[in-house]
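What follows is a single structure, written as structure tokens, with notes after it.
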Amino acid sequence: MTSKFPGRHTWHNVFQDSIHRLRSCQLQGRFKLNGMYQDGDFILGGLFHVHFFTVFPELSFRMEPQQPYCEKFNMEGLQHAQTMAFAINEINKNPTLLPNITLGYHLYDNCVMLRMAFRAAMSLASGTEDSYSNLNCTGPPPVIGIVGDASSTPSIAISSVLGLFRVPIVSHYATCSCLSDRKKYPSFFRTIPSDAFQVRAMVQILKHFKWTWVGLLYSGDDYGVYAAQMFHKEMQLSGHCVAFSEILPNDHNPKDIQRIIRVIQGSTARVVVVFALSSFLIPLMDEVVLQNMTGCQWIASEAWATSLEYHTPRFLPFLGGTLGIAIRRGEIEGLHEFLLRIRPSNDTSQNIVRIFWENLFGCRFETGGLKTGREQEKMECTGQEDLSTTNTPYTDVSGLRASYNVYKAVYALAHGLHDLMQCEEGRGPFIGNSCADITSLKPWQLVHYLQNVNFTTGFGDHVTFDKNGDALAIYDVLNWQPSSDGSITVHKIGVVYEGATTGMMLTLDADAIYWNFETKKPPLSVCSESCPPGTRQATRKGLPLCCFDCLPCGDGEFSNTRDAVECMMCPDEFWSSPDKDQCVPKEVEFLSYEDPLGISLTTASLLGTCFCALVMIIFALHHNTPIVRANNSELSFLLLLSLKLCFLCVLLFIGRPQLWTCQLRHAVFGISFVLCVSSILVKTMVVIAVFKSSRPEGKGAMKWFGASQQRCTVLVLTALQVVICAVWLSTASPTPHKNNHYFRSIIVYECAIGSVAGFSLLLGYIGLLAAISFLLAFLARNLPDNFNEAKFITFSMLIFCAVWIAFVPAYVSSPGKYAVAVEIFAILASSFALLLAIFAPKCYIILLHPERNTKNAIMGRETQNK
């Protein structure tokens, strides 16, 4: 029966097809990617640098764009991919790790290009099926985790998207410190240390060799830019400086390359640090060779420290001696044999091995299409060629670094999945203490367990992640050394790691380092020479902190380390040494007996004491003579005794001040001088009384001023001084004092007077008695000749007062021990003045003119005068 509507069946089929499409997800297209795969219960994805470059066909905008393709095969990249395959096969054979579970893998080539890496990541996340009808999203995801990418920029882009779905990503070579941000990249992990640690490790090496003035070159990608920012920050924190900072051009522009070479040659920095991939650095190194630029010490980041491109004899004169840091080398047992067992497959989706085979053996596989002339010249690949006869980076397992990180990344994902499967229901980490359902596994559930993995590899390395997903911080330090055939070989000369308690630790074998300089020693790379101890750095205006002048420390300051920023003040009792590199005890100054001035004053004091003793002996031997008996001989002996005490008290002022000498010196001085001046005062009063008693109106004057009254007057006047001294010593006693105010470099050890009022009262009382004595003696100076002792007293007191009036300003203005010397000089001068002015004339008569020492002679003079 014919339908009335011819198109009815057609529309029905279209409708049914639409219903089917609504109930399933259709893959809209596929990217042309080089890859390899193996099925399993759970699939791990992988992204690797199997080719160096990506070629994008020109866009005509008239047809669908052709797929990009990759060029220049990377043998090391294939080794990394095969290491992942080896690790998965090893895990599948392990009866204790993931038992009854088979892991598979899907590996893609990212061709060192962000767009290709992102396409590969999206392909991994989408799966390999053309359609997906299970709209309830049950069952495992297409991949439960991804190993890669090896570069920071693709890792940032991929993690930003797949991180929204918490797909765990474990990179084996992406080092950008920005990836440690858990808010932006919540599911990103890595088995290589962050650039933050790499930069700190490099700065630690610079510190070790005292290279404070270095140049910096870096690539313009995320790896280089973030590393450069961290490097600048760490250099500033360590007090080091960057002489120049240049970005390596992405387009390899020759003009930019030559400009960078001119910057390096024009700088005084001899150490150049480079953060870049080899592909960025090759044009620069070619120019270095072309211009024969030697004399630089290169510091390589981990991105090119182990690159084989520079290990040829051509680069040895320029790159020999390069220091670099590299991820820790490991050993994987059985990997070499696994690499040799690889064979190409006819499956076009397994084309990575086929491409490798064609590049390695220079043959071609039969594709069934038309052949170009060049392809016809190549022999056909059989797939049975012998890999063991080849020597390429693919089969070289002597220095497994990135491959070892791939190995650890695969095992980290496996251990995370194993821990997830060991969860006991009711004791799980999720809501309601539930566990993950292995039949409907969510990627974020694996992220939880991956964060807490903790295992040890067969090589003995401990694998765990910190809160930011970073691996344990450890690097090998490498040195590029010449080999026997003239090429460059890489030698491990140390290790740098960061412990939880020890901080950054650098261990180097200095004897094993090859230096590419005539001196065979580390070069000097500083803007300014190191400042020796005793100086400080003074930054040059407009230049970095590392460019400075060395200024000597000031007096009283010191620096005992090299490159001191500031000089430190010496403690109060210390002074800087002549070299200003240490503090030495200050010289303690006081008037000592060894000092020439002290010896002179001591001699004068003892001489004056001897003179007093000699006069006393003379007076004692002639005590019955009129000249001695005149004017109360008892007062003369008391005056001589007080003068003797005045001379002797000087000895208390000389020597190291002690408490008892400080207390006695002024007390003895004050009492002795009051005794002396009061005796002179009484003598003057006796002269006046005798004169008055010789006149009729004053015959009774002497009865009020007899010998007992004279003694009492002297004792009373002296007792007042004793009271003044007692009050002074009991309230504010003088004490030894170290004075730093006179001289900054010398401690003046002196006696602090304690109370200015007490000292002033002591001197004032002496001055009062002296002034009264001088006044009375001056008034009595014109008495008859037989009583003319008043003239000598007047002269002696005039000198006495003059000395002590001059003493006050001289004492105040004299610093240190000279103030003591001024006081001693005043004591000696006034004492000698009294001794000579009063007793010299009498001794002259007694010893040289005894004929005048008679009562008749004295009386005769009196009659003659009248």
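Any value given below was found using the heavy atoms of this structure, including those in side chains, with hydrogens, waters and symmetry copies removed. Bear in mind that the values here come from a model prediction, so they are computed numbers and not experimental data.
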Heavy atoms, side chains only, cut-off 4.5 Å: are [X] and [Y] in contact?
X: D563; Y: F548; value: yes
X: L769; Y: F673; value: no
X: S530; Y: K210; value: no
X: F743; Y: K586; value: no
X: D549; Y: S528; value: no
X: V714; Y: L635; value: yes
X: P533; Y: R562; value: yes
X: Q582; Y: N560; value: no

Aromatic contact, F209 with W211 (centres under 6.0 Å):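 Yes, the ring centres sit under 6.0 Å apart.
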- prompt: Does F807 have its ring centroid less than 6.0 Å away from the ring centroid of F825?
  reply: no
Search all heavy atoms of [X] against all heavy atoms of [Y] and return the closest pair with its distance.
X: P841; Y: L836; value: CD-O, 3.5 Å
X: L828; Y: S605; value: CD2-CA, 3.8 Å
X: H666; Y: F653; value: NE2-CE2, 4.1 Å
X: L776; Y: M685; value: CD1-CG, 3.9 Å
X: M235; Y: V203; value: SD-CG2, 4.2 Å
X: M569; Y: E557; value: SD-CG, 3.4 Å

Say you draw a straight line from [atom1] of [X] to [atom2] of [Y]; how long is it, rounded to the nearest 0.5 Å?
X: L607; Y: T602; atom1: CG; atom2: OG1; answer: 12.0 Å
X: T661; Y: R656; atom1: OG1; atom2: CZ; answer: 11.0 Å
X: L639; Y: I838; atom1: CG; atom2: CD1; answer: 5.0 Å
X: K817; Y: I746; atom1: NZ; atom2: CD1; answer: 8.5 Å
X: H737; Y: C751; atom1: NE2; atom2: SG; answer: 11.0 Å
X: H240; Y: E234; atom1: NE2; atom2: CD; answer: 11.5 Å

Residues in side-chain hydrogen bond (donor to acceptor under 3.5 Å, both in side chains) contact with [X], at least two apart in sequence or another chain:
X: E587; value: none
X: W575; value: none
X: S577; value: D581
X: W804; value: S830

message: Would F647 and F611 count as a ring-ring contact (aromatic ring centres under 6.0 Å, His included) here? Give the steps.
response: CA-CA 10 Å; F647 282 116; F611 284 162; 8.2 Å; no
task: Provide the full list of side chain to side chain donor-acceptor pair (under 3.5 Å) pairs with a residue in residues 720-736, sequence neighbours left out, each pair given once.
output: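 Sorted result for residues 720-736: Q663-S733.
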query: Hey, mind stepping through C527 and C547 against disulfide (SG to SG under 2.5 Å) and telling me if it holds?
result: CA-CA 5 Å; C527 183; C547 301; 1.9 Å; yes
Working for side-chain contact (heavy atoms from CB on, under 4.5 Å), residues L591 and I824: CA-CA 11 Å; L591 191 60; I824 293 175; 3.6 Å; yes
- prompt: So does K520 have more than 12 non-hydrogen atoms from other groups sitting under 6.0 Å from NZ?
  reply: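 Yes, because the 6.0 Å sphere around NZ of K520 holds more than 12 heavy atoms from other groups.
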message: Please check if the number of heavy atoms outside Y818 that lie under 6.0 Å from its OH is greater than 12.
response: no
C546/V526 under side-chain contact (heavy atoms from CB on, under 4.5 Å): CA gap, chis, key distance, verdict: CA-CA 7 Å; C546 298; V526 295; over 6 Å; no
task: Could you list the residues that satisfy ring-ring contact (aromatic ring centres under 6.0 Å, His included) with F558, not counting sequence neighbours?
output: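 Per chain and number, F558 pairs via ring-ring contact (aromatic ring centres under 6.0 Å, His included) with no residue.
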Donor-acceptor pair, distance only, cut-off 3.5 Å: does the side chain of [X] make one with the backbone of [Y]?
X: R536; Y: C553; answer: no
X: S592; Y: D595; answer: yes
X: T718; Y: L715; answer: no
X: S576; Y: D555; answer: no
X: S525; Y: W213; answer: yes

- prompt: Looking only at side chains, do K683 and S773 share a donor and an acceptor under 3.5 Å apart?
  reply: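 There is no such pair (donor and acceptor under 3.5 Å, judged by atom type) between the side chains of K683 and S773.
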- request: Run the numbers on T713 and S678 for side-chain contact (heavy atoms from CB on, under 4.5 Å), then give the verdict.
  value: CA-CA 8 Å; T713 302; S678 61; over 6 Å; no
task: Report the C-alpha separation of C646 and C676 in whole Å, then their side-chain angles, then the decisive distance to 0.1 Å, and conclude whether the disulfide (SG to SG under 2.5 Å) test is met.
output: CA-CA 8 Å; C646 289; C676 175; 5.1 Å; no
message: Checking Y765 against V677 for the side-chain contact (heavy atoms from CB on, under 4.5 Å) test, could you report, in this order, the C-alpha distance in whole Å, the side-chain angles of both residues, the deciding distance, and whether it holds?
response: CA-CA 10 Å; Y765 184 58; V677 175; over 6 Å; no
- request: Could you tell me whether D572 and K738 make a salt bridge, using a distance below 4.0 angstrom between a side-chain N and a carboxylate O?
  value: no
